[in-house]
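What follows is a short report on a single structure.
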2 protein chains.
Amino acid sequence: MASQTRQSQRRRQVLSRERIVEAAIELLDTTGESALTVRMLTERLSTGSGAIYHHVGTMNDLLEAASDTVIANALAVPPAADTPEDEIRAVALALFDAATEHPWLAAQLAAQITRNPWGSVTLRIFESFGRPMRALGVPQPDWFTTTSTLVHYFIGATTQGPHDGGKPERAEFLDTAFEAWQNLDPDDYPFITTIAAQMRDHDDRRQFLTGIDLVLKGIVARVDHAA
Amino acid sequence: MASQTRQSQRRRQVLSRERIVEAAIELLDTTGESALTVRMLTERLSTGSGAIYHHVGTMNDLLEAASDTVIANALAVPPAADTPEDEIRAVALALFDAATEHPWLAAQLAAQITRNPWGSVTLRIFESFGRPMRALGVPQPDWFTTTSTLVHYFIGATTQGPHDGGKPERAEFLDTAFEAWQNLDPDDYPFITTIAAQMRDHDDRRQFLTGIDLVLKGIVARVDHAA
DNA sequence: GCCAGCTTTGGAACACCGCTCCAAGTTGGA
DNA sequence: TCCAACTTGGAGCGGTGTTCCAAAGCTGGC
């Protein structure tokens, strides 16, 4: 009897790599990064660890697959834009919003890129930023360098960037950091003490976009100067 | 005498927070990131885990202290530069070289910043980049945003950046990535396939500096435009 | 219908991890 | 001298990723 039930259960939901990755993403989103363990997954999927290791490789592979899936989805919709600058902004925003929606993505992005600097994650991001780059007027030999700069800015901004949305939690968090910065010795930290208020009042998303524009302006300026 | 008491106290303490952090950095440098465990540390220092947890807090605190120490040392020498641009380049290079010398630093930098976006690590880097920023002609209300962009670029470049120095290992690694990129479908990855060769031949340090210059150019262009 | 040979599954077991807790050792001031 | 506070070493706990393997399901040829 019991074996029959198990059978029908299993036949209904066949285990596959995709299903595991999907469950991993859901687990990461709902319960947080530290909750994604093999045992949690086996429980959620009513299976054993052997099955999971059979479909996905190591735990790190699973995390990479989860990151890759989320990023691929974020980049799936081709951005409709008039200018190459707008297309770059659209790509950046799509990735930024994905990182906001999946709070674990930032750390994973950084970890995966550090582990494998030219893996599939970098591949996707590079292609998406580089494609409109071609229409920006940059001479082809500089494409790799300029796109790298853009991608690196994005990675850095995302790595630090938004821990939480516009929740009151965040305001409180910023207030704490603000007070700490303001109470520093102005002789040791003349810059930090000056801009502490700007830090407290800044908006992550807006600042991210400003940064993108700034890098774009640098790229275009470089083109103009060369011409 | 207060100094005498302090001295004798120091002489008494065989174990200290500084000594533990120092040993941790050495262990990270020599044996790699995964080798830094509490048990390894106790063996190296001929002590027990209790002593370590008494001086430094959690393992994460130790990693943060290690990162902070390395970064503080890298930024300790005030850069001698004529222009603010040169000073920014000097700061960037000092940090870049620190990340090259300590291969574990990149991952830790990213992890610490993700965990605590406005912690002591960010503090130091922000101050060092921001100080010369004041002499760059940027209006004060923009200081935070422009410095953030610079810092974010630095973090991203470091996160991806150099896994190994100019070792033959690296050339082989780049060749593998190059072939993978070149063999992609040009219809799916028109950009990647075009710049694959540039990726293989690029120099990390030179490209990092070019990126810094590019961001600087964007910042200055923004100033000129506003004026 | 049947069975060999493959894939897939579930779970026990292993080595190792960070961390807690505590009894002992050590120190310095009263 | 004595005791309170600080410091130390290590056993032990709950948890982790990963391996290994026996059993079950599946599939194609007979």
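These numbers come from the heavy atoms of this one structure, side chains and all, not from hydrogens, waters or symmetry mates.
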How many whole angstroms separate atom CD of A:Glu43 from atom P of D:dG17? 14 Å
For B:His54 and D:dT7, is the shortest distance between a side-chain N/O and OP1 or OP2 below 4.0 Å? yes
Nearest atoms (heavy-atom pairs only) where A:Ala157 meets A:Phe208: CB-CD1, 3.6 Å
Given atom CG of A:Leu45 and atom P of C:dG11, what is their separation to the nearest angstrom? 13 Å
Over how many whole Å does the gap from A:Ile20 atom CD1 to C:dT9 atom C1' extend? 11 Å
Please report the shortest heavy-atom distance between B:Ala51 and B:Leu15, naming the atom on each side. CB-CD2, 3.6 Å
Would you indicate, yes or no, if C:dT9 has its OP1 or OP2 atom less than 4.0 angstrom from a side-chain nitrogen or oxygen of A:His55? yes
Provide, to the nearest angstrom, the distance between the CD1 atom belonging to A:Ile52 and the P atom belonging to D:dT16. 13 Å
Atom pair distance, as rounded to whole Å: CG in A:Leu41 and C1' in C:dT9: 15 Å
Indicate for each nucleotide in nucleotides 15-24 of chain C, in 5' to 3' sequence, whether protein heavy atoms under 4.0 Å reach the base (B), only the sugar-phosphate (S), or nothing (-). --BBBBB---
Under 3.5 Å, side-chain donor or acceptor atoms of residues 181-197 of chain B against the rest of the protein: list the pairs with distances, not counting sequence neighbours.
{"residue": "B:Asn183", "atom": "ND2", "partner": "B:Glu179", "partner atom": "O", "Å": "3.2"}
{"residue": "B:Asp185", "atom": "OD1", "partner": "B:Asp187", "partner atom": "N", "Å": "2.9"}
{"residue": "B:Thr193", "atom": "OG1", "partner": "B:Tyr189", "partner atom": "O", "Å": "2.8"}
{"residue": "B:Thr193", "atom": "OG1", "partner": "B:Pro190", "partner atom": "O", "Å": "3.2"}
{"residue": "B:Thr194", "atom": "OG1", "partner": "B:Pro190", "partner atom": "O", "Å": "2.6"}

Taking the ring centre of each residue, are A:Phe144 and A:Phe126 less than 6.0 Å apart? yes
What pairs of residues pass the salt bridge (charged side-chain N to carboxylate O under 4.0 Å, His left out) test when at least one of them lies in residues 47-56 of chain A, not counting sequence neighbours? none
Taking the side chain as every heavy atom from C-beta outward, state whether B:Phe154 and B:Leu95 have any pair of such atoms under 4.5 Å apart. yes
Between P on C:dT9 and CG on A:Leu15, what's the gap in Å once rounded to a whole number? 5 Å
